[in-house]
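One structure is given below, encoded as structure tokens.
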2 protein chains.
Amino acid sequence: MLRLSKLTDYAVVVLIRLAQGEAVQTVPLIAQSTGVPEPTVAKVLKSLSASGLVLSSRGARGGYRLAQTLFDIPVSRVIAAIDGPIALTACVEGTGGGCSSESHCPGSGRWNLVNQAIHTALSRINLGDMALISLPNGLQTDFHPSDRRAPAFENREL
Amino acid sequence: MLRLSKLTDYAVVVLIRLAQGEAVQTVPLIAQSTGVPEPTVAKVLKSLSASGLVLSSRGARGGYRLAQTLFDIPVSRVIAAIDGPIALTACVEGTGGGCSSESHCPGSGRWNLVNQAIHTALSRINLGDMALISLPNGLQTDFHPSDRRAPAFENREL
DNA sequence: TCTATACAGGACAAGATAGGTCCTGTTAGA
DNA sequence: TCTAACAGGACCTATCTTGTCCTGTATAGA
């Protein structure tokens, strides 16, 4: 199975949660509302913060908030933030090589075509699309108004 | 990193090898020419045989051969043969559910959009394309003539 | 200035999974 | 009948992911 780490799934849940309710939310609050364990939420948010997807503020009244709207975050960025560069195998340009059977390998660029196709596909889907699909209708109005660009999803084509 | 199993990579190597040289090839022969360990080649070929991508014949003079040309095998079929259905997470329709935090999960169909996009992308790339990219020019004429559909790759668009 | 709050950045252990090996049985050609 | 070669498992090991914990640092408010 083509596998994505659970942490990436959690990251999507957390980001969608951040788009709801208070602008700035703490780790315990997010953990409680999403059901994801608190240390795991913290871990995910650290990665997202390092990638610039969320902004953090320390100290009392601190917490995390989205750096941009869900519709501006392609799925590929979330995956890259948590799992690193999107690449199907170790035999891919840019990952530094080191394949033990490189001499027998009929070409190091074999999977590049596939990687490009997947990256393109993932760049076309944003978290706003995913949130709209996953949320019950009643909750869709719970988005922070500034996080909603009306035409973005209605005329969106995959 | 969005990871594909090594076995899938081996499967592609083995399938491309099967398109070269003798029509029927044994496991030891393929292992020798590809550098992949013999037991691993056997394991991969069993899976490919079960999926109908290769045909097996037992007994002396037996071995494996391609069931169809490389250009008729999309990458998605190889991945499905080795790794099972293409699905990014456990929370996907058709995998039977069982997610422990399903009650908190804001929508089980969240990743379906992404899965569909990836599946579409992978269905558009076939092993013939990959073989042409990965092989040195001198070896490209080493394909079995019947495995080559001239217009297929020259005008192919991703 | 002090204290409580909350993130930052690691280290680490347990469980799951993939990768690889081996064994026995079955089939088919010589 | 013998040998070559695939079929179908079981099984072990190494690696990776997941989840947890600890210590340090920054900030707001009293």
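Since we're looking at a predicted model, the values are computed, not measured. Proteins get letters first, then strands, A, B, ... in listed order; numbering begins at 1 in each.
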Rounded interatomic separation in angstrom, taking NZ from B/K6 and P from C/dT17: 19 Å
Rounded to whole Å, how long is the line connecting atom CG of B/L18 with atom P of D/dC6? 11 Å
Atom-to-atom span, CG of B/L55 to P of D/dA7 - whole angstrom: 11 Å
From CD of B/E22 over to P of D/dA5, roughly how many Å is that when rounded to an integer? 13 Å
B/L122 side, atom CG; B/I79 side, atom CD1 - distance, nearest 0.5 Å: 4.5 Å
Whole-Å distance, B/L29 CG to D/dA5 P, equals 10 Å
Base contacts versus sugar-phosphate-only contacts with protein, heavy atoms under 4.0 Å: please encode nucleotides 1-11 of chain C as B, S and - from 5' to 3'. ----BSBBB--
A/E38 (side chain) donor-acceptor with A/I30 (main chain) under 3.5 angstrom: no
Find the distance A/D9:CG to D/dT17:C1' and express it as a whole number of Å. 14 Å
Sequence neighbours excluded, which residues qualify as side chain to side chain contact (heavy atoms under 4.5 Å, CB included) partners of A/A81? A/L48, A/S51, A/L53
Residue list, side chain to side chain contact (heavy atoms under 4.5 Å, CB included) with B/S49, at least two apart or on another chain: B/V54, B/S56, B/Y64
Please say yes or no: joined through hydrophobic side-chain contacts below 4.5 Å, possibly via intermediate residues, are A/I16 and A/V24 part of one cluster? no
Roughly how bent is the helix from C/dT1-D/dA30 to C/dA30-D/dT1 end to end, in steps of 10 degrees, with each end axis from five pairs? 20°
Residues in side chain to side chain contact (heavy atoms under 4.5 Å, CB included) contact with B/S123, at least two apart in sequence or another chain: B/S76, B/H119
At 4.0 Å (heavy atoms only), tell me whether A/P39 reaches a base, stays on the sugar-phosphate, or touches nothing. base
Residue set satisfying side chain to side chain donor-acceptor pair (under 3.5 Å) with B/T26, at least two apart, ordered chain then number -> none
Distance-only polar pair, side chains of B/R17 and B/S33, donor-acceptor under 3.5 Å: yes
Side-chain N or O of A/Y10 closer than 4.0 Å to phosphate OP1/OP2 of D/dG19: yes
Please find the pair of heavy atoms, one from B/L66 and one from B/L70, that lie closest to each other, and give the distance. CD1-CD2, 4.1 Å
